[in-house]
Amino acid sequence: MEFTLLWSALTGVTALYGSLWWMGRRDTSLCVRDLWEIAITAGVVALATGRIVAMVRIGVNPFAHPGELLLVRAGVDTVGATVGAVAATAWLARADLREQLDGLGPAALFGLAGWHGGCLFRDACLGTPSSLPWAWAQPGSDITRHPVELYAAVLMAVAAWLLFRLRLRYPVPGLVAALALAAAGGARLITEPFRPSLFAGPVWWYGAALVGGIAIAVWAAVHPAATDTTDEVPPLL
Amino acid sequence: MRRIVIPLVFAVVAAGCASGGDVGDVPLLPEISPVELQELLTDAERPVVVNVWASWCIPCRSEAPLLRAAHESFGSQVDFIGLNVRDAQGPARAFLNEFALDRFAHFFDPSGAAQGSLGAGGVPLTLFYAPGGDLVELHYGVIDDRALALNLDEIVRRGS
C-alpha cells in the first residue's frame, strides 16, 4: 500500500490552517475557527463527491462497490469535487456568505498550493518534456520535464498572497472570493498543457471558473453589499 | 424512517444490478511460466507495460478503465500485458469482459510464480519496460491517470 497521497493532503491542510492562522492574526474580523471548520468540511465533501463522480464516469457503481470510495488514489473528478466544495461552503457559510467566502478564498488557494506542492513528497511533480533550465528528470532518466505541479503551487500561492492584500485594501464583499475562484481556474488552465494525462483535462471547467470568477468579481465591485466601511482600513503588509 | 428506508432500498436495488460474472466471449487465459514471461520481456522490440491484477482485488477494478484507455491511446506504440495472479479462470474472464480489457494479451499465473520472477509482490502492480526488457518504473498499488500517462510517455521516448 502506498500512503504518499496522505503527505500531499497533509501539506495542503497544513498550508490551509497556517494561512488561516496567519490571516487571523492580521485581520481580527476573521473568525479563524469557523472558517477552518467550513474549509475542512467542504474539503471532505469535495473528496467524496469527486470520488463518486469519478467512479460513475468510469462505469463503477458506487452502491455496488462502496469500498472503492476510499480509493482516492484511483482518481477524483475535478468538476464533482468543485461542485461539492462550493455547495458545502455555500450551505455552511450561508449566514454571512460573502464575508466568509472572502476570508476562505485566499486560504483555500494556499491550501491548494500546498496540495500541489506536496507532489515533492510523492515524486509526482513532473509533466511534459522540457529543456528549460529548471526542468528535471525522473530517477534513472535523462528526459527532463516541466515540474508542472510546482508551477500550479507557485501560481496559487502568489494569487493567494495578492488576494489577501486586496481584501485588506478593498474590503468589497464577494470580490476576493470571486477572484480566488478565477485564480484557481486560471492556474489550472495555464498549467494544463504541461500535465500528462490520458484524457483531455476539464479545460472548459477551468475556463468557466476563470470567466465566471471575473464576472462575479465585476458584479460584486459594481453592486457592493451594504457594509460598514467606516472602520479604518488596515495598512498593507 | 422514510429518509433511511428509501436510500437503503435504492442501494440494495443498485447492488443487485451489479455485474453477475458473465465471461462473454473472453477465451481461457493461457498459463505462463516465469521463464516464458522473462523471454517475452527480453525479446520485446517495443516498450512493454505489465499490469499484475486479480479479479478479487478491489483497487484493480478502479484502474481497469484507465488501462483500457491507455491501451486505446498507446496500443500502437506499446505492448500491454496483463498478468492475472492467484485467481480462477471464471472470475478472471468475467473481470476482463466487464471492463472490456480483453483487447490486449492476458496470462494466467495461479501460483504467482511468474509474478515472483518480476521481483515484486502484491496487486495491483504496474511495470514499465523499455524495449529489450529494461525495467524503467515499478508502480506499486493502484495507478492514477497522471502516473500512467507519464510513464507511458517515458518508455515510448526511451524506445524511440
Side-chain angles (χ1 to χ4, degrees), chain A residues 1-6 8 51-52 54-78 116 119 122-130 137-149 152 191-192 194-202, chain B residues 7-20 56-75 98-100 122-125 128 130 134-160:
Chain A
M1 290 289 280
E2 283 224 28
F3 295 100
T4 51
L5 207 57
L6 285 179
S8 277
R51 181 71 196 122
I52 289 169
M55 287 173 68
V56 171
R57 283 187 64 183
I58 62 172
V60 177
N61 184 340
F63 292 107
H65 305 283
E68 291 186 44
L69 280 172
L70 300 175
L71 292 173
V72 175
R73 270 177 71 94
V76 174
D77 183 79
T78 306
H116 284 284
C119 69
R122 54 193 186 107
D123 195 20
C125 295
L126 298 179
T128 54
S130 165
Q138 292 198 98
S141 172
D142 55 1
I143 302 168
T144 53
R145 296 174 179 276
H146 287 287
V148 61
E149 297 300 332
T191 54
E192 201 57 28
F194 308 117
R195 190 168 273 114
S197 178
L198 294 170
F199 313 101
Chain B
L8 262 179
V9 169
F10 183 58
V12 169
V13 171
C17 294
S19 166
W56 44 262
C57 153
I58 292 174
C60 299
R61 297 182 58 83
S62 282
E63 66 177 20
L66 272 182
L67 286 165
R68 188 180 62 222
H71 179 253
E72 285 168 5
S73 299
F74 286 87
E98 181 181 352
F99 292 102
V123 284
L125 194 66
F128 299 83
D134 293 329
L135 181 64
V136 171
E137 176 71 15
L138 193 164
H139 186 97
Y140 287 99
V142 63
I143 196 164
D144 59 19
D145 170 32
R146 191 208 69 85
L148 193 52
L150 181 74
N151 287 304
L152 280 165
D153 183 65
E154 188 76 22
I155 56 175
V156 166
R157 287 175 189 276
R158 288 198 196 187
S160 60

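Everything numeric here is computed off the predicted structure, so don't read it as measured data. First the proteins, then the strands, lettered A, B, ... as listed; each starts at 1.
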Engineer: How many angstroms lie between atom CG of B:N151 and atom OG of A:S141, to the nearest 0.5 angstrom?
Structural biologist: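 Result: 10.0 Å between the selected atoms.
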Engineer: Which bit of B:A70 comes within less than 4.5 Å of chain A, counting heavy atoms only: side chain, backbone, both or neither?
Structural biologist: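 Backbone plus side chain of B:A70, per the 4.5 Å heavy-atom cut-off to chain A.
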Engineer: Check this for me: does any side-chain nitrogen of one of B:D153 and A:R145 sit under 4.0 Å from a carboxylate oxygen of the other?
Structural biologist: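 Answer for the salt bridge query: yes.
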Engineer: Provide the closest heavy-atom pair for B:A149 versus A:P196 in the form atom of the first, atom of the second, distance.
Structural biologist: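 Nearest pair, atom of B:A149 first, then A:P196: CB-C, 3.8 Å.
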Engineer: If we ignore angles and hydrogens, is there a donor and acceptor under 3.5 Å between the side chains of B:E154 and A:Q138?
Structural biologist: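 Their side chains do contain a donor-acceptor pair, which is all the 3.5 Å distance test asks for.
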Engineer: Testing the basics here: between B:D145 and A:S197, what is the closest heavy-atom pair and its distance to 0.1 Å?
Structural biologist: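 Scanning both residues, the minimum pair turns out to be OD2-OG, 2.6 Å.
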Engineer: Return the CD1 to CZ distance between A:I143 and B:R158, rounded to the nearest 0.5 Å.
Structural biologist: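 So the gap between those two atoms works out to 6.0 Å.
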Engineer: Taking side chain as everything from C-beta outward and backbone as N, CA, C, O, which of these in B:L148 sits under 4.5 Å from a heavy atom of chain A? Side chain, backbone, both or neither.
Structural biologist: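 Just the side chain, heavy atoms under 4.5 Å.
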Engineer: Quick one: what part of B:L66 sits under 4.5 Å from any heavy atom of chain A, side chain, backbone, both or neither?
Structural biologist: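 For B:L66, backbone and side chain are both near chain A.
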Engineer: If you count heavy-atom pairs under 4.5 Å between each of A:A124, A:G67, A:P62 and chain B, which one has the most?
Structural biologist: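 Top count of heavy-atom pairs under 4.5 Å with chain B: A:A124.
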Engineer: Please check if the number of heavy atoms outside A:L69 that lie under 6.0 Å from its CG is greater than 12.
Structural biologist: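 Counting other residues, nucleotides and ligands, CG of A:L69 exceeds 12 neighbours.
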Engineer: Need one label for B:E72: side chain, backbone, both or neither, based on atoms under 4.5 Å from any heavy atom in chain A.
Structural biologist: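 Nothing of B:E72, per the 4.5 Å heavy-atom cut-off to chain A.
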Engineer: Please classify the contact of A:R57 with chain B as side chain, backbone, both or neither, using a heavy-atom distance under 4.5 Å.
Structural biologist: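 No part of it gets close to chain B.
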Engineer: Which value, rounded to the nearest 0.5 Å, describes the distance between A:C125 atom SG and B:R146 atom CZ?
Structural biologist: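 A:C125 atom SG to B:R146 atom CZ measures 8.0 Å (nearest 0.5 Å).
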Engineer: Under a 4.5 Å cutoff for heavy-atom pairs, which residue among A:V60, A:D142, A:L126 has the most contacts with chain B?
Structural biologist: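 Among A:V60, A:D142, A:L126, the one with the most close pairs to chain B is A:L126.
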Engineer: Distance check, rounded to the nearest 0.5 Å: B:S62 atom OG versus A:H65 atom NE2?
Structural biologist: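 Reported to 0.5 Å precision, the distance equals 9.5 Å.
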Engineer: Contact part of A:P129 toward chain B, heavy-atom cut-off under 4.5 Å: side chain, backbone, both or neither?
Structural biologist: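 The side chain, not the backbone.
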Engineer: Evaluate A:L71 against B:E63 for side-chain contact (heavy atoms from CB on, under 4.5 Å), listing each step before the verdict.
Structural biologist: CA-CA 10 Å; A:L71 292 173; B:E63 66 177 20; over 6 Å; no
